[in-house]
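As structure tokens, the structure follows; a few thoughts come after it.
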2 protein chains.
Amino acid sequence: MSTAETAGIPSSSRPKKSVLLSGTPAGNTALSTVGRTGDDLHYRGYDIADLARNCEFEEVAYLLIYGVLPTGQELTQYKAKLAPLRKLPALVRRTLEELPPNTHPMDVMRTGVSALGCALPEKDDHNVSGARDIADRLLASLPSMLLYWFAYSQSGRRIEVESEANSIAEHFLHLLSGRQPSPDAVSAMQLSLVLYAEHEFNASTFTARVIAGTGSDMYSCICGAIGALRGPKHGGANEVALDIQRRYRTADEAESDIRRRVENKDVIMGFGHPVYTIRDPRNSIIKDAARKLAESAGTMQLFAVAERIESVMQDTKKMFPNLDWFSAVAYYHLGIPSAMFTPLFVVARTAGWSAHVIEQRIDGKILRPAATYTGPDPIAFVPIRERR
Amino acid sequence: MSTAETAGIPSSSRPKKSVLLSGTPAGNTALSTVGRTGDDLHYRGYDIADLARNCEFEEVAYLLIYGVLPTGQELTQYKAKLAPLRKLPALVRRTLEELPPNTHPMDVMRTGVSALGCALPEKDDHNVSGARDIADRLLASLPSMLLYWFAYSQSGRRIEVESEANSIAEHFLHLLSGRQPSPDAVSAMQLSLVLYAEHEFNASTFTARVIAGTGSDMYSCICGAIGALRGPKHGGANEVALDIQRRYRTADEAESDIRRRVENKDVIMGFGHPVYTIRDPRNSIIKDAARKLAESAGTMQLFAVAERIESVMQDTKKMFPNLDWFSAVAYYHLGIPSAMFTPLFVVARTAGWSAHVIEQRIDGKILRPAATYTGPDPIAFVPIRERR
């Protein structure tokens with residue numbers, strides 16, 4: 001596109017060459033807007049900053065799946081519904097026990113959800129109430145799947161996954177450490193889950209919608225989305241971000257090495273975004289949370305490295321950190337193994353994915369794009385005995 | 001679009017309103033062309049009629065995955081590679097044993113592939129040779145997964161899934177019946193697998209490509225594709241086709257009822273296509289095969305019903321049968337339970353899916369479309385204690 005052609009289009013909707021279907025609408029959604037002004041994010045009309053600073057994850061999941069922010073009473077009822085759904089059916093537990101300790105945690109999540117779909121399949125009528133029930137069960141039981149497998153594969157322990165925890169965030173941290181997490185840790189986890197909950201037609205959500213478009217069941221949609229999120233260009237990025245940050249002992253060391261890498265045209269994961277053009281509005285929120293966690297931990301080393309790299313990337317490439325960058329710092333200080341970063345993203349994004357599946361079903365259309373053919377013109381067939 | 005605007009566009013590339021992204025290119029492929037002239041299908045330049053009438057499924061899988069039709073020697077070597085891959089790792093067998101007899105067979109396939117991805121994960125470098133090896137293992141072992149689970153869940157038998165069978169088609173029929181299948185049955189199965197092997201950017205293949213675009217592994221791509229194929233608007237259609245055909249004892253009975261249903265605007269599965277506009281070129285090929293199988297079986301009843309409905313749909317709606325319609329008749333006479341129709345589609349299409357994943361990786365782009373927002377404008381946030 002020439003400059004003249006793009007002059008009237010907001011920068012955020014200009015197609016990016018490195019992205020297929022960039023800027024091309026592939027359906028309707030009422031769930032979120034991403035980067036309309038270059039740096040904003042709204043879930044069902046609410047600004048992400050308000051939601052992240054004021055809401056528990058369950059409030060936001062309810063907003064996405066049920067359409068409105070819950071009242072205090074509704075939130076209490078919703079949590080009371082979710083708590084017993086933390087339990088895993090025996091079929092799922094036994095399936096998870098089969099998976100070896102070196103299994104990729106995203107493969108554990110994908111297999112666990114697929115097995116849950118065999119244990120408690122969706123009704124063929126795909127009624128909205130049933131779909132919401134499955135979404136709720138997934139939200140409640142995904143942390144159980146991950147940490148049941150983790151404990152069993154590491155030490156052969158069959159842990160109790162039901163707990164008195166008051167929230168999904170607390171449940172996760174409690175299963176991970178075996179201890180009651182601090183209120184600050186729970187708050188940071190809530191905030192992170194809210195930030196990761198929904199992001200319009202990103203690749204994993206789009207996967208879920210393509211699958212939903214054929215009339216398939218909720219579990220198939222979520223399995224596909226987990227598979228898409230597994231990729232290093234999507235959900236896998238927060239793990240790589242921590243690897244980068246932990247390479248350096250000091251901010252100065254980070255600066256000189258990153259400047260060298262930028263000159264060599266290395267890609268630094270955790271920076272830039274296919275939709276935002278000015279900044280990722282989630283960055284300042286997670287950065288504040290990461291700073292507080294680092295202060296509480298009494299060590300600013302990792303945060304300082306991450307912040308310096310942020311400056312260097314702005315200075316050299318005019319690139320801004322996305323949500324993944326300081327999420328890595330926050331998760332590190334929460335004591336979360338880096339292999340669980342993307343699975344946590346699954347827990348959060350299941351709220352958005354499920355809501356998109358329900359939306360796509362109401363839309364009722366199948367997704368079937370065209371392809372640009374780059375192969376040979378028709379070729380005369382040669383029988384096998386004549387091939388050389 | 002007005003008629004004037006569409007006058008110069010081949011009818012096959014006119015967007016269909018019931019399909020999202022219809023006619024919109026979402027990437028490049030050298031694997032196939034679908035309906036360029038309204039009724040043609042080519043795999044890598046070869047006409048589907050030549051491939052279906054002359055090739056074993058393994059030749060076509062090799063063409064799609066390795067890029068060329070194999071010589072006689074290459075085909076022999078390829079089959080020698082595939083045969084031992086029929087064996088299932090213990091982890092996969094035990095996972096399949098957990099799945100109850102009433103599990104949806106597509107959920108079995110999805111879970112089996114996900115478990116295989118845990119047992120034998122793809123290397124992180126995603127080299128093409130390794131990706132082809134996984135494609136080959138899936139092609140060889142998908143029939144094993146389905147029929148191992150079927151035998152175990154139905155009767156508690158742990159069947160031997162390795163066999164001396166000379167082809168995937170023969171292996172499947174042998175595991176299903178426990179007997180050596182007739183050469184005619186094997187030929188019909190070969191032909192059916194060739195016809196189902198590849199179809200450009202259909203919804204399941206597109207799912208695999210969206211997942212591949214994030215840099216995810218081959219198993220995640222195939223799991224997602226299986227989930228998409230499960231939907232009744234996609235792979236599930238051939239099962240529904242048989243349900244329709246078996247409703248009627250005679251062609252006359254079928255005609256009067258279908259005319260009534262068409263007047264009531266009922267949708268008849270197995271007719272029409274999102275891309276073909278004149279006819280589905282696979283129909284006459286599978287119809288011939290279905291006719292021969294019916295003649296051998298000595299009963300033309302089902303074929304006659306299917307053929308009469310074909311005439312009625314042409315007469316009343318100008319709609320043509322797609323591949324699913326007479327596939328249902330052929331599979332019925334091959335003694336395949338209708339619940340296995342879509343899983344057989346998985347076996348065949350895994351050749352195309354895998355080839356598309358490899359292509360998408362070479363392309364290197366992520367798929368991230370835009371959405372049309374239909375939700376509310378920004379709303380002021382209300383804290384939970386003030387919500388009513």
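Each chain gets a letter, A, B and so on, in the order the sequences are listed, and its residues count up from 1. Here the structure is a predicted model, which is why all the values come from computation and not from measurement.
Contacts of A:Ser32 with chain B are made by backbone atoms alone, with heavy-atom separations under 4.5 Å and no side-chain atom involved. For A:Gln360, the part lying under 4.5 angstrom from a heavy atom of chain B is the side chain only. With a threshold of 4.5 angstrom between heavy atoms, B:Ala380 approaches chain A through N, CA, C or O but not through any side-chain atom. Heavy atoms of A:Leu75 lying under 4.5 Å from chain B belong exclusively to its side chain. The contact between A:Cys118 and chain B is made by backbone and side chain atoms together, counting heavy-atom distances below 4.5 Å. Proximity to chain B involves both the backbone and the side chain of A:Pro378, based on heavy atoms less than 4.5 angstrom apart.
At a threshold of 4.5 Å between non-hydrogen side-chain atoms, the residues A:Thr214 and B:Pro232 do not count as touching. Taking 4.5 Å as the limit, every side-chain heavy atom of B:Asp47 sits out of range of all side-chain heavy atoms of A:Ile379. At least one side-chain heavy atom of A:Leu21 sits less than 4.5 Å from a side-chain heavy atom of B:Thr24. Put simply, the side chain of B:Phe381 reaches to within 4.5 Å of the side chain of A:Cys55, judged on heavy atoms. Using a 4.5 Å cut-off on side-chain heavy atoms (C-beta onward), B:Thr71 and A:Arg388 make no contact. Contact check for B:Leu20 versus A:Asp363: side-chain heavy atoms found under the 4.5 Å cut-off.
Once rounded to the nearest 0.5 Å, the distance linking CG of A:Asp107 with OH of B:Tyr219 reads 9.5 Å. To the nearest 0.5 Å, atom CZ of residue B:Arg209 and atom OG1 of residue A:Thr207 are 13.5 Å apart. The CD atom of A:Glu98 lies 5.5 Å from the OG1 atom of B:Thr95; values are rounded to the nearest 0.5 Å. Atom CZ of B:Arg230 and atom OG of A:Ser216 lie 5.0 Å apart (nearest 0.5 Å). For the atom pair NE2 of B:His42 and CG of A:Asp377, the computed distance is 9.5 Å after rounding to the nearest 0.5 Å. One distance of note links NE2 of A:His104 with CG of B:Asp217; it measures 7.5 Å at 0.5 Å rounding.
Contact count versus chain B (heavy atoms, under 4.5 Å) is highest, among A:Leu69, A:Val210, A:Val68, for A:Leu69. Between chain B and the residues A:Ala30, A:Gly227, A:Ala370, the largest count of heavy-atom pairs under 4.5 Å involves A:Ala370. In terms of non-hydrogen atom pairs under 4.5 Å with chain B, the most contact-rich of A:Ile366, A:Asn202, A:Val382, A:Thr103 is A:Ile366.
A salt bridge is defined here as a Lys NZ or Arg NE, NH1 or NH2 lying under 4.0 Å from an Asp or Glu carboxylate O, and A:Arg387 with B:Glu59 meets this definition. Here B:Arg368 pairs with A:Glu200 in a salt bridge; the nearest charged N to carboxylate O distance falls below 4.0 Å.
Closest heavy-atom contact between A:Ile384 and B:Gly72: CG1-N, 3.7 Å.
A donor atom on one side chain and an acceptor atom on the other are found under 3.5 Å apart for B:Ser114 and A:Arg110.
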### Message
Under the criterion side-chain contact (heavy atoms from CB on, under 4.5 Å), I'd like the reasoning laid out for B:Thr29 against A:Thr372: C-alpha separation, chi angles, the key distance, then a yes or no.
### Response
CA-CA 6 Å; B:Thr29 188; A:Thr372 305; over 6 Å; no
